[in-house]
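Throughout, a chain's letter reflects where its sequence line sits, starting with A, and its residues are numbered from 1.
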Amino acid sequence: MSQPTLTRRSLIEGAAALGAATALSSPTWSATPEPSKVTPDLVAAATKEGKAVWYTAVDLPVAERMAKAFEAKYPGIAVRVERSGGERIFQRIGQEYASSIHAVDVVNSSDAAHFIVWKRQGILLPYVPEDVALHYPPEHRDPDGQFASWRIWLSVIGYNTNMVKPEEAPKSFADLLDPKWAGKIVKAHPGYSGTIMTATFQMARDLGWEYFEKLAKQRIMQVQSSADPPKKLALGERAVMADGNEYNLIQMKEKGEPVEIVYPTEGAPLIVGPSGLMKDAPNPNAAKLLMSWMFSQDGQQYLVDFGGLRSAHALVKEKPGRKPLKEIKTMKDDPAAVEAQADEIKAHYARIFKV
Amino acid sequence: MATLDSTQALAGATVPTARTRLDLSTPVMVLFTAALCVLIVLPLGWLLVFAFRDQAGRATLANFQRLLTDPTFVEPLLTTFTIAGSVSLACGAIAAPMAWLVARSDMPARNAVRIIVTASFVTPPFLGAIAWELLAAPNSGLLNQAWRAVTGAPSEEALFDIYTLTGLIFVVCCYTFPYVFVLVANALERVPGDLEDAAAMLGSSRWRTARRITIPLALPALLAGLLVAFLQAMTLFGSPAILALPAGFHTITTKIWSLFQYPPKPELAAAASLPLLVLTVVLLRAQSAILGRRSFAVVGGKGAAPRLVGLGALRWPALALCLALLCLPVFLPYGALVNAAFSKVPSQLLTLDRFTLRNFVFVFSEVSATKLAMKNTFLLGAMAATAGALMALVIAYLTSRAAGRGHRVLGFLAMAPIAVPGIVLGVGLFLAYTRPPFVLYGTLWILLLAYITIELPAAYQQMQSAFHSVHHELEEAGRIFGATRLRVLKDVTGPLLRSSLVATWCFVFVAVVRELSAAVILFTSQTKVLSVLIFDLKESGDLAAIAVLGLSMLVLTALVIVAANSLLGGGSAARLRNN
């Protein structure tokens, strides 16, 4: 099932299921809405609202830096970041919307399947920022304009370079089953993290649940967010991480912290984190402006340079010194299948890992 | 905590002065009874309804069947009982001797020890658990690093592993033992000295006096303390939420919380809450049975102060032992938090070149939820403390200065929430106030209701014992000396009650600021409080930010307490006392 390398074209194929599923699930929307430019009127209306509320699953320091960059560009609009794991964001919005609490303006998840659900529920507003229409490949845009891929990254293996010599480091997921790693592995949880939900689906599909059953025997340390395993490596609390955010490790490595990334030979789970705008957004204009900025070349370049993430924006450049995405073997993402199997994945995982 | 005197108070004294006010107090009493009914019956009613129905709303017992047969529920239940039992016994073993040293020996710095115990009580259990991660995580923990540095042990070996059942039990003990300590210390202080003197005069040896007089009189308080510790450990959410997941198990509270993950299963959450509720009620009944039988132990304000036992050469070693024990809940964890707050890497000891203020900048100028959470927390703290203290004042007045069936019901209702663990109440309130007639979810009101309900029993008890301490004989003495009733109220009852009122206010305020278990179910992004913000930061492992936020929260709380006491003249009010 896994593909040897990832090119722009294979990304197109890879994400086609997303398009297909969303097209099927929304018969009411026929035509993609017109792209929207950032007009002085929009800026004025957004400034009048003065604030925007952004629910996101991206690691907090990245989220707050993005918010501050936006506030610097558009003074007078304060962005409040509500950050937690993708699955908890999903739970939060479900819980709030069930009680008619419409607090969120812009939402970003680390589990693309959530957007299939939200689109089906009809709570997203079609809105296509100009940059998305011009510079994003079709597989990274919802055909009905309700969301687009805001960020792309991988779930990878990592290790602490003070605790593990490079030649002894694991090269593959299979290597993690070596008894020498017992008690030394940290991993995140699909019940909290959208990244890990997506990764668990891809790994269970490609490697089988038996893999997790064997991994569970390694006395792993279980944490919640996919942003936490890299931090546990940097602390020196565990030597190896079995899954977690590539982008945290990129940031840490570039800051000189003792961590190293391993792209597993089986392929690294590919994670796509879309963003969308809520139909009942309390600050609709600020929400649009925030969406437009976050998908703009500037916003995306910032996300790449500072955040260590990957961008679907055609004009955004990968930072020199980092391994380009197309040179990395990845697994294939399939949000529709994740959406269909989410509960089963969580339950199966809980049975194996007891939490 | 503090559940001792409810029954005695309910038996309350008939006071002649009440008659003139009875006319006024009846409508007030009816109003308060109705309000308390809504406050308690509504959430618990919905809890019951949900526990006995399925997703489609049909009546069923399937939730309980699943609870008793599905290992993912049975195991957390067993784990919870293991934790609660171990914590209760360990707390008794540590707190009782320490309480005796503080209350009845001539150990130096006894008051300082008592104050430090209070500091461990004020520490939120989730923050204590995070601090202990910093100290005793097997590899990065500061204590383990120090141990390896000293002994030269290999890097795979660890002295402590906090991510285990034992580790969790230890941390829960650290923040539960004050309950036992306070109950036992207060009981020991209340053992009338003249009884012991009488025994001594009749030729009893010191040991025999202790065995025949002191210990029997303090034993009910110790048993009560063990029960309270069991209950606290059983219903605690904060520490398990931090430590149980990395250790690879659930307790029943973290399991209940996980049932709110998408898709939410409130029916199962309600069903899983009921065992906690039932067991709490049963244990509280047991407690009042134990205390009720021995109520002669509490003899009131009169009588000679108990004699202090001279420790001789052991005075200083005793103090050293107390301070060494207090390292565990207070000195070490706070040291670790300060270290993490100012250090570039939380797992490394602070040195000059590792010093940074970056974490403060991050928390206060970059994290956009900080300001909102601070505002919500302190607003809710002040509102809940004010409302709770005033409600407690009125209810305590009605129950202790008037008698009758109605007042008994009122007193019972005010004490009833003590049987409802925070997370259970959170589930109940969520079910009750996300639907008509009161749709409060998403507002601060639902949190306010939760906080008032949770803290009412403790507040009520404090106010009730305040009324008790101003026994009518004091008021009557004033009257005999010719003071008018108003003058008595102003010069005798008033000042004594004011300091208790401030103490109650402070108590509720502190409890609200550290509350997590109900808030974590009830918050929305707009109504986030500090404890939940810290909990969210924990999810992504931002330990330095947690340290900064946790310490700031405690410093601000302390400032509020000091301000309240100096403005309102609380005197020794903020001292942690049961009665």
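Neither the backbone nor the side chain of B:Leu243 comes within contact range of chain A; no heavy atoms are under 4.5 Å apart. If you measure heavy-atom distances from B:Pro264 to chain A, you find no contacts under 4.5 Å at all. With a 4.5 angstrom heavy-atom cutoff, B:Leu543 touches chain A only via side-chain atoms. For B:Lys528, the part lying near chain A is the side chain, with the backbone staying farther off; criterion is any non-hydrogen pair under 4.5 Å. Residue A:Lys232 touches chain B through its side chain alone, counting heavy-atom pairs closer than 4.5 Å. With a 4.5 Å cut-off on non-hydrogen atoms, B:Tyr163 touches chain A through its side chain but not through its backbone. For A:Pro229, no part lies near chain B; criterion is any non-hydrogen pair under 4.5 Å. Interface residue B:Ser525: backbone and side-chain heavy atoms are both found under 4.5 Å from chain A. For chain A, no part of B:Ser155 is nearby; none of its heavy atoms comes within less than 4.5 Å. In this structure, chain B has heavy atoms under 4.5 Å from both the backbone and the side chain of A:Leu235. Within the 4.5 angstrom heavy-atom criterion, only backbone atoms of B:Ser365 (N, CA, C, O) approach chain A. Contacts between A:Val104 and chain B at a heavy-atom distance below 4.5 Å are absent for every atom of the residue. In this structure, chain A has a heavy atom under 4.5 Å from the side chain of B:Glu156, while its backbone stays farther away.
In this structure, a donor-acceptor pair under 3.5 Å is present between the side chains of A:Thr195 and A:Ser226. A side-chain donor from one of B:Ser540 and B:Asp542 sits under 3.5 Å from a side-chain acceptor of the other.
Using a 4.0 Å cut-off between a side-chain N of Lys or Arg and a carboxylate O of Asp or Glu, A:Arg83 and A:Glu64 do not qualify as a salt bridge. Salt-bridge formation is detected for the pair B:Arg358/B:Glu366: a Lys NZ or Arg NE/NH1/NH2 atom is positioned less than 4.0 Å from an Asp or Glu carboxylate oxygen. By the 4.0 Å N-to-carboxylate-O rule, B:Lys255 lies too far from B:Glu75 to be salt-bridged with it. A salt bridge does not link A:Asp105 to A:Lys51: none of the charged side-chain nitrogens sits closer than 4.0 Å to a carboxylate oxygen.
When each of A:Gln222, A:Lys187, A:His189 is checked for heavy-atom pairs under 4.5 Å with chain B, A:Gln222 comes out on top. Interface remark: of the candidates B:Thr254, B:Thr443, B:Asp536, B:Thr434, B:Asp536 forms the most heavy-atom pairs closer than 4.5 Å to chain A. Note: B:Ser368 leads B:Pro346, B:Gly541, B:Ser368 in heavy-atom pairs under 4.5 Å with chain A. Between chain A and the options B:Val367, B:Val439, B:Thr72, B:Leu533, heavy-atom pairs under 4.5 Å are most frequent for B:Val367. Comparing B:Ala247, B:Ala137, B:Pro246, B:Ser347 by heavy-atom pairs within less than 4.5 Å of chain A, the highest count is held by B:Pro246. Listed options B:Thr524, B:Leu245, B:Leu372 were ranked by heavy-atom pairs under 4.5 angstrom with chain A; first place goes to B:Leu245. Your options are A:Met221, A:Lys354, A:Glu87, A:Gln95, and the one with the most heavy-atom pairs under 4.5 Å with chain B is A:Gln95. Considering only heavy-atom pairs separated by less than 4.5 Å from chain B, the leading option among A:Glu96, A:Lys231, A:Arg92, A:Glu82 is A:Arg92. Between chain B and the options A:Arg65, A:Glu257, A:Arg80, the largest number of non-hydrogen pairs under 4.5 Å is found for A:Arg80.
The 12-atom threshold is exceeded at NZ of A:Lys68, counting heavy atoms of other residues, nucleotides or ligands nearer than 6.0 Å. Shown here is B:Lys371, whose NZ atom has no more than 12 heavy atoms of other residues, nucleotides or ligands within 6.0 Å.
Ring orientation note: the planes of A:Tyr349 and A:Phe353 are close to parallel, at an angle under 30° on the 30°/60° scale.
Between B:Leu165 and B:Thr79 the shortest side-chain heavy-atom distance falls below 4.5 Å. Residues A:Trp181 and A:Ile220 fail the side-chain proximity criterion, which asks for heavy atoms closer than 4.5 Å. Contact of the A:His114 side chain with the A:Trp118 side chain is registered, since non-hydrogen atoms from C-beta on lie closer than 4.5 Å.
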Original post:
What do the steps show when you test A:Thr56 against A:Ile89 for side-chain contact (heavy atoms from CB on, under 4.5 Å), and what is the final call?
Top reply: CA-CA 7 Å; A:Thr56 180; A:Ile89 293 280; 5.8 Å; no

Q. Please walk me through it: do B:Phe126 and B:Ile534 pass side-chain contact (heavy atoms from CB on, under 4.5 Å)?
A. CA-CA 9 Å; B:Phe126 58 89; B:Ile534 291 177; 3.8 Å; yes

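For an aromatic pair to be called close, the ring centres must be under 6.0 Å apart, and B:Trp257 with B:Phe535 satisfies this. The aromatic ring centres of B:Trp46 and B:Phe430 sit 6.0 Å or more apart.
Identified by a heavy-atom distance below 4.5 Å to chain B, contributing residues of residues 244-251 of chain A are lacking entirely.
Across all their heavy atoms, A:Ala188 and A:Pro190 have their closest contact at O-CD, 4.1 Å.
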